Every structure is written in C-alpha cells, then in structure tokens.
Amino acid sequence: MRALPRSFYARDTVRVARELLGKIVRHGETSGRIVETEAYLGEGDLAAHSARGVTPRTRVIFGPPGHAYVYLSYGMHCCLNLIAEPEGSAGGVLIRALEPLDGIETMRRRRGMSDVASLASGPGKLTEALGITLRENGADVTRGPIVVCDGGARGVEIGVSARIGITKSADLPLRFFVKGSEFISRR
DNA sequence: AGTTCGATCGCCT
DNA sequence: GGCGATCGAACTG
C-alpha cells in the first residue's frame, strides 16, 4: 500500500482531519484504521501547542506537512499528530483512535490486555499499541517508519463534536469521528 | 533554578 | 465520577 502524498497534508487542517478518517496508520508490523481525529489550528486556537509560536518543541508543527509531531502528555502517554498546512503555517491533526488491523497480538502484548475495541481507543493507547514514542517525533510519514496510506474507505458517516479534555478554545467543533464505530474513545 | 500545568489512562469506589 | 501517576516545556523571578 502506497503512502499518501505530501500534497494531501498541505491543505486546510480541518479538511485534513476529516479526510484522515478511514486512512491507515502503520508502524512496523502493526497497523490500524483511523476512526477519530481532532484538528489543532494555528493562530487563535489557544488549545494548540503552537498557540505561542515557534519553540524547540513546536518547531515540527510549523515545519513541512506530512510529518509526525509526537509529544508526551501528563508525563506518561505519547500522542501522535500529523502535521498539516504548508511549511511555515501551523496546523496538526491529533490521531485519537484506531480500529486495529494488523499485528493485533503484538498490540495485545504491548497493551497488556486483549479486548480489541480497547487496544487503540484513545490517543495514549494507540501510540502504546503501535510502539510509537518520542523517538518518532519529526518522522516523515510519507516515508517511514510511520506510514499513512489510503485504506479504501469511502462514504462513511462523519460525526462532529467539541474536542476532548481541553480547557481553552473548548467549544470549537474540531473533533471528527466515524459515526457508530466501536473503536472510538467515546460517543 | 524552581514551579506550574497539561490535547490522558486505568483503577478505585 | 474522582484521583494518582510522572515528565518535559515554558514561564517566573
């Protein structure tokens, strides 16, 4: 399966967040279909790490599209974002949940649990299931080791809501999910 | 140099 | 539904 081209990411962040639903994320032998995303915008989005401009941490968010921004949340979970917008403009899509596809036994071992619907139903869970850590920060997802490709999913119904677990800019409808999926983090 | 505060999860009740 | 775990970035003085 071929990686999505960089041009897919070099667009409006909300559009990229919506269209990432149904796409497949692969890391090594493990992969999953994206069923939940959130858009984090540039200027004016106080919930985004990029809200206060370029710093050593947020450098990746302002960099070229099609790269991974991985950060540590609450000192224990890594979260995966895919960078959107042309270089120099901030925008990222937080991957919040995956439907596990390949390497389910590996995911079970990494997660220490067996229920498939819970293996990757949260941003910290899916990075643990796929073995994604801070080492992958800045990786080019059109090349690897993390690769995103077209899953052939068409015409799924998309649900929209406010983003989860944030306090600033909390009311914006920037969370997107596959309606009815049993693999999302919450309904 | 010290402090504060998270784009969370799982376990407990 | 509440809380503790645990680390790095950014802000303060």
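Remember, predicted model here, so these are calculated numbers, not experimental data. Below, each value reflects all heavy atoms present in this structure, side chains not excepted, and no hydrogens, waters or symmetry copies. Lettering follows sequence order; numbering is per chain, from 1.
Chain A approaches DNA chain B over the interval dG6(B) to dG10(B), counting the first and last nucleotide 5' to 3' with an atom under 4.0 Å from its heavy atoms.
Within residues 118-126 of chain A, the residues approaching DNA chain B are Gly122(A), Pro123(A), Gly124(A), Lys125(A), by heavy-atom distance under 4.0 Å. Remark: nothing in residues 14-35 of chain A comes within less than 4.0 Å of DNA chain B through any heavy atom. Annotation: proximity of residues 161-173 of chain A to DNA chain B (heavy atom, distance under 4.0 Å) is found for Ile164(A), Gly165(A), Ile166(A), numbered in ascending order.
With contacts defined as side-chain heavy-atom distances shorter than 4.5 Å, the pair Leu41(A)/Val14(A) qualifies. For the pair Val25(A)/Leu126(A), no side-chain contact is recorded, criterion being any heavy-atom separation below 4.5 Å from C-beta on.
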Without placing hydrogens or testing angles, list every side-chain donor-acceptor pair under 3.5 Å for residues 112-119 of chain A, not counting sequence neighbours.
from	atom 1	to	atom 2	distance (Å)
Asp115(A)	OD1	Ala117(A)	N	3.4
Asp115(A)	OD2	Ser118(A)	OG	2.7

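In plain terms, the two heavy atoms of Lys23(A) and Asp150(A) that are nearest each other are CD-CA, 3.7 Å. Nearest approach of Arg175(A) to Ile164(A), heavy atoms of both residues: NE-CD1, 3.5 Å. For the residue pair Val35(A) and Ile184(A), the shortest heavy atom distance occurs at O-CG2, 3.4 Å. Of all the heavy atoms in Ala84(A) and Pro65(A), the pair that sits closest is C-CB, 4.2 Å.
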> Step by step, would you call Tyr69(A) with His49(A) a side chain to side chain contact (heavy atoms under 4.5 Å, CB included)?
Replying inline: CA-CA 11 Å; Tyr69(A) 167 54; His49(A) 290 172; 2.8 Å; yes
> Run the side-chain hydrogen bond (donor to acceptor under 3.5 Å, both in side chains) check on Glu99(A) and Ser181(A) step by step: do they pass?
Replying inline: CA-CA 9 Å; Glu99(A) 172 187 347; Ser181(A) 170; 5.7 Å; no
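A salt bridge links Arg111(A) with Glu128(A): at least one charged nitrogen is closer than 4.0 Å to a carboxylate oxygen.
A search for side chain to side chain donor-acceptor pair (under 3.5 Å) contacts involving Arg6(A) returns Asp140(A), Thr142(A), not counting sequence neighbours. In this view, Glu19(A) and Arg11(A), Arg15(A) satisfy the side chain to side chain donor-acceptor pair (under 3.5 Å) rule, not counting sequence neighbours. Taking the ring-ring contact (aromatic ring centres under 6.0 Å, His included) definition, one finds that Phe62(A) meets it with nothing, sequence neighbours left out. Take Glu87(A) and apply the side chain to side chain donor-acceptor pair (under 3.5 Å) test, not counting sequence neighbours, and it matches no residue.
Rounded to a whole angstrom, the distance from the C1' atom of dG8(C) to that of dG10(B) is 22 Å.
Of the possible donor and acceptor atoms, one in the side chain of Ser31(A) sits under 3.5 Å from a partner among the backbone N and O of Asp102(A). One N or O on the side chain of Thr58(A) and one on the backbone of Gly53(A) form a donor-acceptor pair closer than 3.5 Å.
Pairs passing the ring pair (Phe, Tyr, Trp, His ring centres under 6.0 Å) check and including a residue from residues 6-42 of chain A, sequence neighbours excluded, do not occur.
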> Along nucleotides 8-13 of chain C, 5' to 3', which nucleotides get a B, which get an S, and which get a -, given that the test is a protein heavy-atom distance under 4.0 Å?
Replying inline: SSSS--
> Given pairs defined as Watson-Crick or G-U wobble with both distances under 3.5 Å, what dot-bracket annotation applies to DNA chain C, with ( ) intrastrand, [ ] crossing, | other strand and . unpaired?
Replying inline: |||||.||||||.
